[in-house]
Q: 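The structure under discussion is supplied below as structure tokens; questions concerning it will follow.
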Protein chains: 2
Amino acid sequence: MKNLIVAQSGGPTTAINASLAGVISAAKESGMYDKIYGAIHGVRGIYEEKLIDLTDKAGDKDFLELLKCSPSCYLGSCRHKMPEASEDSKAYEQLLEIFDKYDIESVLYIGGNDSMDTVSKLSAYTREVGSPVLVGGVPKTIDNDLAITDHSPGFGSAAKYIATEMLEMSHDTAVYNLPCVTIVEIMGRNAGWLTAASALARNSYSTAPQLIYLPEVSFDMEAFISDISKLLETSSNVLVAVSEGIKDKDGNYISASTAVNDKFGHAQLSGAGKFLEAAVKQRLGIKCRSVELNIPQRCAAHIASATDLNESFELGRKAVEYINEGNTGFLPVLLRDSDSPYKWHIEMTDITKIANEEKTFPLEWINETHNNVTDDLITYALPLIQGEISVPYVDGLPKYTDISHLF
Amino acid sequence: MKNLIVAQSGGPTTAINASLAGVISAAKESGMYDKIYGAIHGVRGIYEEKLIDLTDKAGDKDFLELLKCSPSCYLGSCRHKMPEASEDSKAYEQLLEIFDKYDIESVLYIGGNDSMDTVSKLSAYTREVGSPVLVGGVPKTIDNDLAITDHSPGFGSAAKYIATEMLEMSHDTAVYNLPCVTIVEIMGRNAGWLTAASALARNSYSTAPQLIYLPEVSFDMEAFISDISKLLETSSNVLVAVSEGIKDKDGNYISASTAVNDKFGHAQLSGAGKFLEAAVKQRLGIKCRSVELNIPQRCAAHIASATDLNESFELGRKAVEYINEGNTGFLPVLLRDSDSPYKWHIEMTDITKIANEEKTFPLEWINETHNNVTDDLITYALPLIQGEISVPYVDGLPKYTDISHLF
């Protein structure tokens with residue numbers, strides 16, 4: 001008998017633990033492993049032999065249920081770039097020694113673009129040296145910028161949170177009969193998927209957010225001020241969704257960092273939202289606020305998308321199935337069969353096709369004036385935010401998995 | 001037969017519509033009114049005769065259920081300070097003319113401190129001139145700074161949201177094994193109740209937020225840096241809750257506004273969180289982020305406290321009962337009978353006792369080193385965040401009341 005190890009890497013998401021629950025439950029059920037290990041803090045935890053034994057927990061239904069709807073990384077995370085094996089083979093030999101020590105022949109790594117680079121390099125190395133160790137990835141990233149897969153696990157939950165907050169803010173900002181602009185800055189440095197998802201907040205009585213600006217097209221300050229002015233002619237309140245990564249025509253980020261630079265280091269502090277807030281106040285002389293949705297976008301598990309968590313769970317299970325069949329250097333991806341009814345299936349992809357690729361928002365889904373998205377976004381994203389999960393509540397707050405092993 | 005008018009005023013909350021639902025349902029059931037009017041945009045809507053007829057809706061159970069759990073002000077809001085009647089009686093005569101025109105003899109105003117000033121002045125005037133018009137208030141404010149009442153409607157829901165986000169961020173920030181400080185800026189310019197409520201996020205496996213700074217005691221930058229340094233000796237991640245209104249020993253707000261002043265007007269833009277983020281980076285040279293919970297604190301109806309909404313609803317109903325009995329110049333308040341089991345009742349208070357008073361956080365509930373709250377806060381606030389409401393979801397998002405009449 002052999003053992004399996006699983007780890008998580010990159011930025012946390014609401015759904016990355018659902019994939020972990022999928023991996024360990026399927027590994028246990030397959031009966032192919034004596035032990036199921038979890039590495040604490042990604043690949044670094046493997047180097048440091050910070051392993052925990054998940055074998056018993058993998059058969060504990062209550063634990064799995066709780067893990068599936070708990071935010072962030074149960075196993076912790078890391079940001080670690082593996083060297084090229086041709087330049088530093090020792091980094092790889094060291095990992096193989098540890099795998100050998102713990103009888104590990106299956107390695108699954110849950111993460112985004114950078115993590116898939118690790119899977120790609122490690123699987124190439126094991127193949128090259130004829131090691132029996134198989135290595136696979138499981139996708140995640142709220143940014144939705146992974147190639148090939150129809151969408152990334154974690155995106156649906158983040159989109160549901162963003163659209164919900166946007167809807168609630170559209171109610172909040174509607175109360176006063178005075179000109180007011182509210183700018184909401186949304187995550188996604190290079191890819192506008194999350195900012196675009198704010199369009200899901202629109203309904204039969206509200207067009208908010210009335211304006212949406214994505215990083216895929218250049219941001220024009222004059223056009224922005226003009227867009228707002230036009231809307232204020234017929235409406236008191238304007239809600240704007242803006243990506244943290246918008247850039248001007250020369251490729252410079254639109255953020256207060258370009259304007260402020262003082263001894264307190266504000267250059268790094270203020271983002272696109274704050275900058276545009278200042279611009280609106282200065283140019284239009286009206287009330288303007290900015291809201292940065294920030295960290296909660298990727299951890300608001302209390303309003304996770306059931307569709308997202310279920311898909312993430314299934315991707316984890318499929319990864320086990322693929323590795324049990326003897327595959328290495330692969331990633332399970334989601335492929336959409338139809339929008340309505342929403343149907344999908346999982347296929348296996350070669351990891352080299354996905355590592356270090358970036359899927360940005362389609363230009364043809366951005367309107368001509370670059371201040372809105374087309375209905376294609378709604379058709380695409382609406383199925384991904386469907387379904388609510390029943391998080392258990394204790395003493396008025398959601399109950400999540402104990403993570404004291406990370407402290 | 002006579003008519004009743006109801007309006008909402010001041011900043012929006014998650015629970016102010018629950019009180020409105022209580023008012024209109026009780027007014028309808030009492031059988032004492034021909035018509036139930038709602039004024040759009042507070043007292044300004046009365047001046048402008050922007051009234052909507054709520055009589056039919058008041059008997060519509062489905063509408064009332066939806067209204068009860070919808071965020072912000074269904075009737076819109078205003079910030080309007082009434083003049084002293086002795087200086088400008090015309091402002092009052094004008095209101096009485098409109099009341100007369102619409103056969104209005106009962107006026108209920110849902111709001112916070114400033115709105116209760118309106119109730120106080122208007123009721124004093126009607127008494128003085130012998131008008132039959134009765135005027136009562138219904139309390140609300142997320143800041144929890146109203147006098148006499150044990151707590152304010154809207155506070156419990158805001159506290160539940162803040163504690164939930166803090167809990168989720170404690171999971172998110174725990175993933176990396178690197179020194180990192182996350183500073184969360186919370187609403188409450190003068191009263192620290194909401195910031196203190198972040199302590200509810202602590203549980204058996206997490207002490208986050210490890211530090212809490214309130215506006216009721218002066219903020220000492222050296223002590224703050226020292227508090228963080230000490231915690232980093234034993235833990236990688238420190239989560240800090242800080243009130244937007246913290247001040248130094250001379251009473252100056254701690255915010256980037258004191259440090260930055262450029263042509264883009266950043267002086268008004270960056271708050272306590274951003275300022276402390278810069279200070280930690282500069283002084284300790286480690287990773288630091290700041291998160292401003294911002295507007296969602298007062299409108300995150302998807303995670304409202306059922307206790308809060310039910311109490312807010314009952315306060316609205318009681319206000320109708322009191323006004324139907326012939327009272328004027330009053331406010332129904334919540335009085336607590338016991339913490340555990342949590343019991344309370346509603347009493348009537350003279351509006352002059354509450355208007356323009358401010359209840360700040362008790363100094364004896366702040367620890368000696370001014371960086372935490374005592375367990376008294378938990379005992380006090382825990383009952384107020386209990387219970388979840390079942391918001392209806394349509395197409396993956398919460399369904400709230402149509403507010404197209406505000407646009």
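Every chain is numbered from 1, with letters handed out A, B, ... down the list of sequences.
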Q: Donor-acceptor pair, A:Glu168 side chain versus B:Ala301 backbone, under 3.5 Å?
A: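 Checked: pair present.
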Q: Chain B heavy atoms under 4.5 Å from A:Ile385: which part of the residue, side chain, backbone, both or neither?
A: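 The answer is both parts of A:Ile385.
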Q: How would you list, by chain and number, every residue that makes a side-chain contact (heavy atoms from CB on, under 4.5 Å) with B:Asn203, sequence neighbours excluded?
A: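 By the side-chain contact (heavy atoms from CB on, under 4.5 Å) rule, B:Asn203 matches B:Leu167, B:Tyr205, B:Ser206.
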Q: Chain A: which of B:Val175, B:Asn294, B:Thr234, B:Ile303 shares the most heavy-atom pairs with it under 4.5 Å?
A: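 Option with the top pair count is B:Val175.
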Q: I'd like to verify something: which residue of B:Ala163, B:Ser77, B:Ser305 has the highest number of heavy-atom pairs under 4.5 Å with chain A?
A: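 Looking at each option in turn, the highest pair count goes to B:Ser77.
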Q: Determine, stepwise, if the pair B:Arg79 / A:Tyr176 fulfils side-chain contact (heavy atoms from CB on, under 4.5 Å).
A: CA-CA 8 Å; B:Arg79 295 198 183 274; A:Tyr176 300 117; 3.3 Å; yes
Q: Give me each pair satisfying salt bridge (charged side-chain N to carboxylate O under 4.0 Å, His left out) with a member in residues 380-397 of chain A, each pair once, sequence neighbours excluded.
A: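 For residues 380-397 of chain A, and leaving out neighbouring residues, the salt bridge (charged side-chain N to carboxylate O under 4.0 Å, His left out) pairs sorted by first residue read A:Lys160-A:Glu388.
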Q: Heavy-atom cut-off 4.5 Å, strictly under: side chain, backbone, both or neither for B:Ser236 against chain A?
A: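 B:Ser236 has no heavy atom closer than 4.5 Å to chain A.
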Q: Can you check whether anything in residues 397-407 of chain B gets within less than 4.5 Å of chain A, heavy-atom wise, and list it by number?
A: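 Residues B:Leu397, B:Pro398, B:Tyr400, B:Thr401, B:Asp402, B:Ile403, B:Ser404, B:Leu406, B:Phe407 are the ones that qualify, each having a heavy atom under 4.5 Å from chain A.
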Q: Using a 4.5 angstrom heavy-atom cutoff, name the option from A:Gly42, A:Ala201, A:Gly10 with the most pairs to chain B.
A: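 Result: the option with the highest number of such pairs is A:Gly10.
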Q: With a 4.5 angstrom heavy-atom cut-off, is it the side chain or the backbone of A:Arg289 that approaches chain B, or both, or neither?
A: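 When you check distances to chain B, only side chain atoms of A:Arg289 fall under 4.5 Å.
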Q: Applying side-chain contact (heavy atoms from CB on, under 4.5 Å), can you list everything that pairs with A:Cys288, at least two apart in sequence or on another chain?
A: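 With neighbours one apart ignored, the set is A:Val181, A:Ile183, A:Glu277, A:Val280, A:Lys281.
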Q: Under 30°, 30 to 60°, or over 60°: which ring-plane class applies to B:His302 and A:His302, parallel, tilted or perpendicular?
A: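 Aromatic pair B:His302/A:His302 classed parallel.
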Q: What part of A:Cys73 lies closer than 4.5 angstrom to a heavy atom of chain B: side chain, backbone, both or neither?
A: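 Looking at A:Cys73, backbone and side chain both touch chain B.
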Q: For B:Ser170, which atoms come within 4.5 Å of any heavy atom of chain A: side chain, backbone, both, or neither?
A: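 The backbone, not the side chain.
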Q: When you measure from the side chain of B:Glu292 to the backbone N and O of A:Glu292, does any donor-acceptor pair fall under 3.5 Å?
A: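 No; zero donor-acceptor contacts below 3.5 Å.
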Q: Quick one: does A:His171's side chain get under 4.5 Å of B:Cys299's, heavy atoms only?
A: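 SC-SC contact between A:His171 and B:Cys299 ruled out.
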Q: I need the residue from B:Ser235, B:Ala300, B:Gly387 with the largest number of non-hydrogen atom pairs under 4.5 Å to chain A.
A: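 Going by pairs under 4.5 Å, I would pick B:Ala300.
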Q: Search all heavy atoms of B:Gly396 against all heavy atoms of A:Gln386 and return the closest pair with its distance.
A: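 Of all heavy-atom pairs spanning B:Gly396 and A:Gln386, the closest is N-OE1, 3.3 Å.
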